[in-house]
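To keep things clear, I will list the structure first and then write my remarks on it.
Order of appearance sets the numbers: ligands from 1, and atoms from 1 within every ligand.
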Amino acid sequence: MKLLVTGGAGYIGSVVSALLLEAGHEVVVLDDLSTGHEDAVPEGARLVRGTLRETAADVLGGAGFDAVLHFAAKSLVGESVEKPGLYWDKNLGESLALLEAMRISAVPRIVFSSTAATYGEPESTPILETDPTRPTNPYGASKLAIDTTLAEYARLHGIGGVSLRYFNVAGAYGRQGERHTVETHLIPNVLKVALGERESVHVFGEDYPTPDGTCLRDYIHVADLGRAHLLALDACTPGFHQIFNLGSGNGNSVREVIDVCREVTGRDIPAEVSPRRPGDPAVLVASSEKIQSQLGWKPERDLQAMVSDAWTFLRSR
Ligand SMILES: NC(=O)c1ccc[n+]([C@@H]2O[C@H](COP(=O)([O-])OP(=O)(O)OC[C@H]3O[C@@H](n4cnc5c(N)ncnc54)[C@H](O)[C@@H]3O)[C@@H](O)[C@H]2O)c1
């Protein structure tokens with residue numbers, strides 16, 4: 001298939017582009033390099049530099065694309081709270097420009113990077129796709145609005161859409177890995193301590209109702225997540241919008257993650273306990289039963305593999 005990957009110079013988009021190329025697809029990456037890196041675009045993919053709003057229509061126009069995989073977004077929760085307008089403009093506004101360009105050029109399918117943040121604080125765990133969506137920040141709210149827009153474009157314009165709601169993505173795939181300038185994710189931040197780039201890890205709260213008192217999160221290896229995109233692409237059905245959670249179905253605590261990082265790196269990683277952060281739920285774990293039963297996807301790599309691949313990637317740079 002001829003595929004447009006928006007945000008393909010970023011962490012997840014670059015891994016998925018590599019997997020798509022390996023599967024024999026033609027890949028064009030559209031990225032404004034606002035948080036991505038030109039050298040992350042895998043060999044064999046063509047990079048078009050630009051925003052979705054300014055460039056998507058030109059790239060898609062009359063070019064016979066079969067589908068879009070849409071990763072491009074701003075995704076810092078804290079920043080979204082400080083600048084909600086930016087998130088509505090960049091996430092919803094630019095996605096709308098992309099969808100309009102798809103409609104005009106009759107591109108039939110889209111796979112979209114949605115997020116666990118669309119659910120907000122869960123009432124029960126593991127989280128099902130049918131659970132209430134009550135995002136607690138503009139990042140999650142803007143992603144939920146894109147899910148809703150996709151459902152409308154499916155219903156009214158016949159596009160086939162799949163939203164994949166990622167939980168905590170980690171690990172690396174060959175030369176593609178996590179290189180966020182502002183890093184908010186636990187595993188790379190713990191590994192930075194092992195590398196000597198940070199002094200210690202902050203553990204926010206150890207009095208949660210969990211086995212070791214620290215928060216539980218659902219980690220998924222970026223290569224497993226990537227495989228799900230190939231399945232989702234095949235599952236896009238004209239006129240339908242489908243939503244699937246993407247997580248391992250298991251929770252790992254902050255302490256467990258730090259211990260695995262110590263084991264993998266063989267280094268001492270000092271940890272300091274700080275008070276709870278407001279709005280951090282004790283447990284955020286996905287039910288991935290729907291994607292397992294409907295698309296036949298299953299996670300294959302555990303936390304050890306995520307940390308070990310991320311560590312190899314970080315040390316190679
Ligand atoms: N990393 C995670 O754990 C996680 C979890 C849930 C959801 N997601 C979602 O997955 C997607 C990818 O995340 P990531 O961690 O790879 O982020 P990233 O910042 O590494 O990648 C995003 C890419 O999109 C590009 N981009 C941003 N806005 C653009 C625009 N308007 N036009 C063109 N290019 C633009 C950036 O330059 C970057 O290369 C995002 O949509 C994010 O919200 C990520």
Side-chain angles (χ1 to χ4, degrees), residues 4-18 28-42 45 47-59 68-77 79-80 86-99 101 110-119 127 135 137-147 150 163-173 176-189 217-222 224-226 228-229 244-248 284 286 306 310:
L4 181 70
V5 178
T6 75
Y11 169 41
I12 301 170
S14 65
V15 170
V16 175
S17 294
V28 176
V29 165
L30 173 56
D31 199 300
D32 65 1
L33 302 182
S34 52
T35 56
H37 309 271
E38 191 165 350
D39 64 0
V41 176
L47 170 67
V48 178
R49 186 174 179 170
T51 63
L52 305 179
R53 187 177 278 124
E54 285 165 3
T55 322
D58 286 347
V59 176
V68 172
L69 292 105
H70 179 27
F71 300 91
K74 299 203 76 65
S75 40
L76 295 172
V77 169
E79 183 184 56
S80 82
L86 179 71
Y87 274 67
W88 286 103
D89 179 46
K90 285 291 178 188
N91 289 354
L92 180 60
E94 299 244 352
S95 296
L96 202 49
L98 174 69
L99 282 167
I110 181 165
V111 178
F112 169 60
S113 305
S114 188
T115 165
T118 54
Y119 294 109
I127 300 172
N137 52 66
Y139 165 63
S142 66
K143 288 279 182 171
L144 180 61
I146 301 167
D147 285 344
L150 282 177
S163 291
L164 297 174
R165 290 193 172 151
Y166 313 161
F167 281 61
N168 293 62
V169 189
Y173 183 70
Q176 271 75 34
E178 207 160 0
R179 290 160 72 188
H180 297 126
T181 311
V182 180
E183 189 55 80
T184 56
H185 297 140
L186 182 63
I187 292 175
N189 279 332
R217 293 291 179 267
D218 187 338
Y219 294 91
I220 171 171
H221 194 292
V222 69
D224 284 339
L225 182 100
H229 288 72
F244 297 99
N245 286 342
L246 257 187
S248 66
L284 274 182
M306 293 178 221

- Message: Test of understanding: with side-chain contact (heavy atoms from CB on, under 4.5 Å), list the residues that count as partners of Asp58, not counting sequence neighbours.
- Response: none
- Message: Is a donor from one side chain sitting under 3.5 angstrom from an acceptor on the other, for Ser75 and Tyr139?
- Response: no
- Note on the structure: By ring pair (Phe, Tyr, Trp, His ring centres under 6.0 Å), Phe112 pairs with (sequence neighbours left out) His70
- Taking only Lys NZ, Arg NE, NH1 and NH2, and the carboxylate oxygens of Asp or Glu, determine whether Asp89 and Lys74 approach each other closer than 4.0 Å. no
- Select all protein residues for which some heavy-atom-to-ligand 1 distance is less than 4.0 Å, and list them by chain and number. Gly7, Ala9, Gly10, Tyr11, Ile12, Asp31, Asp32, Leu33, Ser34, Thr35, Gly36, Gly50, Thr51, Leu52, Phe71, Ala72, Ala73, Ser75, Glu94, Ser113, Ser114, Thr115, Tyr139, Lys143, Tyr166, Phe167, Val169, His180, His185
- Message: Donor-acceptor check, side chain of His37 to backbone of Leu33, threshold 3.5 angstrom: yes or no?
- Response: no
- Residues in side-chain hydrogen bond (donor to acceptor under 3.5 Å, both in side chains) contact with Lys90, at least two apart in sequence or another chain: Glu94
